[in-house]
Amino acid sequence: MDNYEKITELGRRRGFMWPAFELYGGAAGFYDYGPLGATLKRRIEDTWRQFFVIQEGFAEIEAPTIGVEGIFQASGHLSGFSDPLTGCKECKEVYRADHLIKHIIEVPDALSNEEIYKVIQENEVACPECGGELSEVYEFNLMFKTMIGPGNKTQGYLRPETAQGMFINFPRLLRYFRDSLPFAAVQIGKSYRNEISPRQGVIRLREFTQAEAEIFIDPRDKTHPKFDQVKDISMKFYSQAAQEKGEPEEMTFGEAVGRGIVAHQTLAYYVARTYQFLLAVGVSPERLRFRQHKSDEMAHYAADCWDAEVLLDHLGWIEIVGVADRTDYDLKAHAAQSKVSLTVFVHYDQPVKRKKLVVKPDMKALGPRFKGQAKTVAEALKAMSVEDLKGDKIIVQVGGEPVEIDPSLVSYETVVEEIRGEEIVPHVIEPSFGIDRIVYTVMDHSFYEDVVDGEPRSVLKFNSKVAPVDVAILPLMDRDVLVKPSKAVLDGLRSRGIRVDYDTSGSIGRRYRRNDEVGTPYCVTIDYETLEQGTVTIRDRDSMKQVKLDAQRLIGVLEELLAGDRKFLDAGVPVVALAAKEQ
RNA sequence: GCGCUGAUAGUGUAGCGGUUAUCACUAGGCGUUGCCAACGCCUAAACUCGGGUUCGAAUCCCGAUCAGCGCACCA
């Protein structure tokens, strides 16, 4: 049994995660998070909010998970996200239909499915495996389709990424941020992809959670004001060059940008923030690297892209975050599709003065004369230069015919206008996090087993920032005299918002093990000394050491321990193992 | 989607034509136990689903679903 099996088994058994719909036979690619898993996931998302919403000042929004067709026409998901497939009627093998005719047609992408099938038939393309006949070409789109309202009139799709919700809200977000760059919006939510073959538990799901930030920046300046704060952090960079050698290179962010390994400061800054976030939730730096996309795997519009990859038991290196410079691709695509300009007006430091010719056709005279053509004539006149206008007669082309216009019908003047700025399309830096994969990674990287007094012990060494249970209250014995004060302690901690579990079942050692297995950082025992001297014992998950302290101080001390503001051995009087005391 | 392998209590498993469906752990109760998976007694809990073969199917056959692995896919 490898760790992967142990962790998935523990996840099922102790209430972290399991395949969904088990009661009805299940469906591949869907998972439930149980009581502990849902809390772990929520706390990881909350830590993400701490980093990106609170510390970076990004705006969190919530857009629908269903989108209308236009969005995905613009984003490319409707065309690019679907593949034409064909199958062999003999051996049932499935192929990309367009790939099979690459040698016949130069640009098979441009063909419809019917056309591809026609090419296959006319050229007698057969199954490359067995030579059998190929079936008709059908579309497999990775988006879930649905109807909006009755009557099949409006086609909707479940979003394949949360990003589009930020792009299409660009105009409102821009107003919200008072028309200036840079600004950013984030979304944490479900996305849906109808994967052909979901595998590996929570790693490849059909419904999954993303946390994405879209950071809109001025393309002319990709430095970052806070880059100094991260420039000395050192990390494993697995750049394109390093991948040639097969060995990641450890260096600081300052060096990575200086040597041109990361495209610019802003991208590097968010890679650094991603790195800090991952460490904060408990990803092991030894099993983490940032891999740069190779030029051939990078989306054609992306300027640079770095994936955070983690090493997982049994699964190998898995991508959990992508940080990309998507340039102006998305905003331009939506502007073209929606016919709405998605730009920011950027003010110049100094207004630029420029001479401009203003042509004023006399529409009162031109209108009756040209009727329906009048507008075309006026437009042609406005486009003319001074040279064209200052002669005795003016000739314009209307529908290919030269038409003479009397100069008295056209006035013009040269004015000096001040240009105070220009409309620019921002570039977008996108850190995109796969939350489900991060949740599993935190479990994998937190898991370890050791042997205590000849007995095995499994531990999830969760950071107290993300642990689903903060503290377990354990009466030493399940007796009324101990249960009553334990319940009082329980209520006291709960009223302070601490996540507390209460367990009286089985021996104290068994209960410690149970809590180790789900990663509870601290256990508090209530014993007979609590009754006599008013003390309680805190037991530390990682060292298994214990301290005794006055029960009055418990809440404050626990809060400090959980926040990382106090060392465990300073929390009270260290307890020597009881067995030793007896002797 | 294709191929191979598999599916039995909460978990891990035994059984491979006729069993009261095995065992361990876990869980619940009682007793005992004074700080790291102690012990005793008791209790609860399963053959993935649908067809077929057979007097009789957890067991054999077919199909579906799910899972693992390989192929393909992964904008």
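So that the names make sense, note that chain A is the first sequence line, chain B the second, and so on, each numbered from 1. Remember, it's a predicted structure, so these values are computed and weren't measured experimentally.
Atom CZ in A:R511 sits about 16 Å away from atom C1' in B:U26, given to the nearest Å. Rounded to an integer number of Å, the gap from CD of A:E22 to C1' of B:C49 is 15 Å.
OP1 or OP2 of B:C36 has not a single side-chain nitrogen or oxygen of A:S507 nearer than 4.0 Å. Distances shorter than 4.0 Å separate some side-chain N or O of A:H314 from OP1 or OP2 on B:C69. For A:R539, no side-chain nitrogen or oxygen approaches OP1 or OP2 of B:C36 to under 4.0 Å. Look at A:R14 and you won't find any side-chain N or O under 4.0 angstrom from OP1 or OP2 of B:G10. The phosphate of B:C73 has neither OP1 nor OP2 within less than 4.0 Å of any side-chain N or O from A:R204.
Residue A:Q200 is classed as a sugar-phosphate contact, given heavy-atom separations below 4.0 Å to backbone atoms only. Contacts of A:Y24 with the nucleic acid, taken as non-hydrogen atoms under 4.0 Å apart, are absent. Residue contacts for A:G506: at a heavy-atom cut-off of 4.0 Å it reaches no nucleic acid atom on any strand shown. Note on A:E5: nothing from the nucleic acid sits closer than 4.0 angstrom, heavy atoms only. Counting non-hydrogen atoms under 4.0 angstrom, A:P456 reaches a base of the nucleic acid. A:S75 comes within 4.0 angstrom of no nucleic acid atom, judged by non-hydrogen atoms across all strands.
A cation-pi arrangement is not found for A:K145 relative to A:Y157, the charged atom failing to lie both closer than 6.0 Å to the ring centre and inside a 45° cone about the ring normal.
Looking at which nucleotide of RNA chain B each of A:R193 and A:Y4 is closest to, the 5′-most match is held by A:Y4.
Using the Watson-Crick or G-U wobble rule with both distances under 3.5 Å, B:C23 pairs with B:G12. Pairing for B:G3 is with B:C69, a Watson-Crick or G-U wobble pair whose two hydrogen-bonding atom distances lie under 3.5 Å.
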side-chain hydrogen bond (donor to acceptor under 3.5 Å, both in side chains) assessment of A:Q164 paired with A:R159: CA-CA 8 Å; A:Q164 301 305 325; A:R159 64 182 180 196; over 6 Å; no

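For A:D527 and B:C35, a side-chain-to-base donor-acceptor distance below 3.5 Å is present, hydrogens and geometry of angles not being considered. The base of B:G34 does not come close enough to the side chain of A:R479 for any donor and acceptor atom to sit less than 3.5 Å apart. In the interface, the side chain of A:T525 is paired with the base of B:C35 through a donor and an acceptor atom under 3.5 Å apart.
Closest approach to the A:R199 side chain among B:G34, B:G1, B:C66 is made by B:G1 (side chain taken as heavy atoms from C-beta onward). Residue A:H77 places its side chain closer to B:A75 than to any other of B:C35, B:A37, B:A75.
Between A:D516 and the options A:R539, A:R541, A:K461, a salt bridge (charged side-chain N to carboxylate O under 4.0 Å, His left out) holds for only A:R539.
Aromatic ring centres of A:Y33 and A:F16: separated by at least 6.0 Å.
One N or O on the side chain of A:D313 and one on the backbone of A:N3 form a donor-acceptor pair closer than 3.5 Å.
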